[in-house]
Every structure is written in structure tokens, then in C-alpha cells.
Amino acid sequence: MIICESSVGVDRTAEDVFGFLAEPSNTVQWVDVCIELKKVSEGPFGVGAELLYTHKQGSKVTIMQGEVTAYEWPRRLAYRYIDAMFTVDISFTIQPESAGVKLTHRAEIQPKTLMMKLLSPLIRMATPRAMASDLQKLKLILEKA
């Protein structure tokens with residue numbers, strides 16, 4: 001399993017940050033590889049809501065089935081995405097600080113195929129940089145709002 005975590009301070013309220021993260025369509029604004037994230041199930045957005053995550057790695061476009069696994073307003077949000085090659089658990093934890101919040105983004109990536117297991121060292125090296133870059137982009141978006 002590959003586990004990566006990145007944190008950033010954001011000069012916004014926990015409610016503002018959680019509200020932005022809890023709108024799937026906002027993901028394309030700050031996650032570089034995301035083409036689309038949309039809710040595909042009926043009912044409110046919360047635990048059990050089903051998602052489709054379309055992303056691009058190099059020239060390959062992949063769609064992952066997703067589900068909201070935690071929805072604890074306004075402090076924790078988590079998803080699980082599954083496709084033929086990976087199971088990916090993503091979580092966001094929002095902790096109030098004296099000026100704004102500390103936002104922590106965690107990814108647990110479980111390769112399923114032999115090829116992806118062999119590529120794990122490369123994924124383990126690239127993922128933290130991508131997460132940190134995406135979080136900085138998110139911070140800028142949230143602080144401009």
C-alpha cells in the first residue's frame with residue numbers, strides 16, 4: 001500500500017473549506033489530473049453517495065467508481081475510488097487554527113495488478129509532489145473566494 005499525506009494552512013473557515021470540497025464539480029479546479037468528478041446517485045451528498053471520477057495520467061483517461069465514505073461536517077470528508085488497477089482511499093481533515101484552518105489531504109493507494117505493484121515505487125515518489133501542488137492550488141482558490 002502507498003500512503004501519502006500533505007497539509008496546508010488555509011485562511012478560511014472550516015465551513016468554507018468543507019463546503020468547497022463537498023461539491024464534486026469543484027475538484028477539476030484544483031486537482032491537475034481530474035477531468036471530471038460527478039455524483040451519480042440519487043439523494044443528498046453524504047456517506048454512500050456514488051461518484052464517477054474521470055482522470056488523466058499521461059495520455060490515458062481512466063474512470064473510477066467512487067463512494068463517499070465519511071461526511072463529518074465541517075471537519076472530515078473521505079472517498080473510496082475503485083477501478084481494475086487500484087483501490088484509492090482519499091480523505092480530508094480540517095482542523096481550526098488561530099488563523100484559518102489546517103487542511104490535511106491523505107491518500108492510501110492499493111495497487112491491484114502486478115504491473116501497478118511493480119510501479120509502486122514510482123507512484124510513491126510522484127504522489128506526494130502532486131498532492132502538495134494540488135493543495136497549494138486549492139489554497140489559492142479558497143483564499144481568493
Side-chain angles (χ1 to χ4, degrees), residues 1-40 45-97 99-145:
M1 180 173 303
I2 301 161
I3 299 174
C4 302
E5 190 171 285
S6 187
S7 297
V8 67
V10 180
D11 190 15
R12 293 298 297 246
T13 66
E15 292 79 10
D16 289 341
V17 174
F18 190 98
F20 187 86
L21 291 171
E23 175 49 57
S25 64
N26 288 338
T27 306
V28 298
Q29 296 179 47
W30 66 277
V31 176
D32 282 338
V33 299
C34 181
I35 296 171
E36 181 179 48
L37 178 60
K38 65 181 177 180
K39 181 175 165 284
V40 293
F45 187 82
V47 173
E50 297 172 2
L51 308 163
L52 280 181
Y53 175 53
T54 306
H55 63 99
K56 188 173 185 178
Q57 295 290 332
S59 62
K60 184 175 181 177
V61 174
T62 303
I63 298 175
M64 298 183 89
Q65 301 285 330
E67 179 180 359
V68 177
T69 57
Y71 187 94
E72 301 166 20
W73 178 270
R75 59 187 173 86
R76 186 165 183 274
L77 183 61
Y79 306 100
R80 171 169 280 170
Y81 297 105
I82 299 172
D83 68 8
M85 295 185 296
F86 297 100
T87 297
V88 181
D89 288 294
I90 300 290
S91 66
F92 300 95
T93 305
I94 304 162
Q95 299 171 306
E97 292 189 325
V101 298
K102 176 183 176 184
L103 172 61
T104 301
H105 181 196
R106 180 179 171 93
E108 297 180 12
I109 304 166
Q110 182 64 55
K112 293 180 177 180
T113 67
L114 177 59
M115 177 60 80
M116 291 303 110
K117 289 176 183 178
L118 292 173
L119 291 173
S120 288
L122 294 174
I123 296 167
R124 190 174 280 112
M125 284 179 20
T127 302
R129 285 188 298 251
M131 285 175 63
S133 175
D134 288 344
L135 270 185
Q136 286 301 317
K137 192 172 181 182
L138 176 60
K139 172 185 173 70
L140 290 173
I141 291 167
L142 287 167
E143 290 180 350
K144 284 182 182 177

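Quick caveat, the model's predicted, so the values are computed rather than measured. Computation of the quantities below employed the complete heavy-atom set of this structure, encompassing side-chain atoms and omitting hydrogens, waters and symmetry-equivalent molecules.
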For residues [X] and [Y], report the shortest heavy-atom separation together with the two atoms involved.
| X | Y | result |
| --- | --- | --- |
| P121 | L118 | CD-O, 3.4 Å |
| L51 | F45 | CD2-CE1, 3.9 Å |
| P96 | V101 | CA-CG1, 4.1 Å |
| I82 | K112 | CG2-NZ, 3.2 Å |
| T104 | S7 | OG1-OG, 2.8 Å |
| Q57 | V33 | NE2-CG1, 3.6 Å |

Donor-acceptor pair, [X] side chain versus [Y] backbone, under 3.5 Å?
| X | Y | result |
| --- | --- | --- |
| S133 | A130 | no |
| R124 | M1 | yes |
| T27 | P24 | yes |
| T87 | D83 | no |
| D32 | D134 | no |
| E143 | D11 | yes |

Hey, could you give me the [atom1]/[atom2] distance between [X] and [Y], rounded to the nearest 0.5 Å?
| X | Y | atom1 | atom2 | value |
| --- | --- | --- | --- | --- |
| R12 | K144 | CZ | NZ | 13.0 Å |
| S6 | R129 | OG | CZ | 12.5 Å |
| K117 | I123 | NZ | CD1 | 12.0 Å |
| N26 | I141 | CG | CD1 | 8.0 Å |
| M64 | M85 | CE | CE | 8.0 Å |
| M116 | L122 | CE | CG | 10.0 Å |

Residues, nucleotides or ligands: over 12 heavy atoms within 6.0 Å of [X] [atom1]:
| X | atom1 | answer |
| --- | --- | --- |
| K102 | NZ | no |
| K38 | NZ | no |
| R76 | CZ | yes |

> Which residue pairs pass the side chain to side chain donor-acceptor pair (under 3.5 Å) test when at least one of the two sits in residues 66-75, sequence neighbours left out?
Replying inline: E72-R75

With side chains defined as the heavy atoms from C-beta onward, is the minimum distance between [X] and [Y] less than 4.5 Å?
| X | Y | answer |
| --- | --- | --- |
| F20 | L138 | yes |
| D16 | V10 | no |
| I2 | F86 | no |

>> Applying ring-ring contact (aromatic ring centres under 6.0 Å, His included), can you list everything that pairs with Y81, at least two apart in sequence or on another chain?
In response: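 With sequence neighbours excluded, Y81 shows a ring-ring contact (aromatic ring centres under 6.0 Å, His included) to Y53, Y79, given in chain and number order.
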
>> Between V8 and Q136, is the side chain to side chain contact (heavy atoms under 4.5 Å, CB included) condition met? List the steps.
In response: CA-CA 7 Å; V8 67; Q136 286 301 317; 3.4 Å; yes

> When you look at Q65 and L52, which way does the side chain to side chain contact (heavy atoms under 4.5 Å, CB included) test go after all the steps?
Replying inline: CA-CA 5 Å; Q65 301 285 330; L52 280 181; 3.5 Å; yes

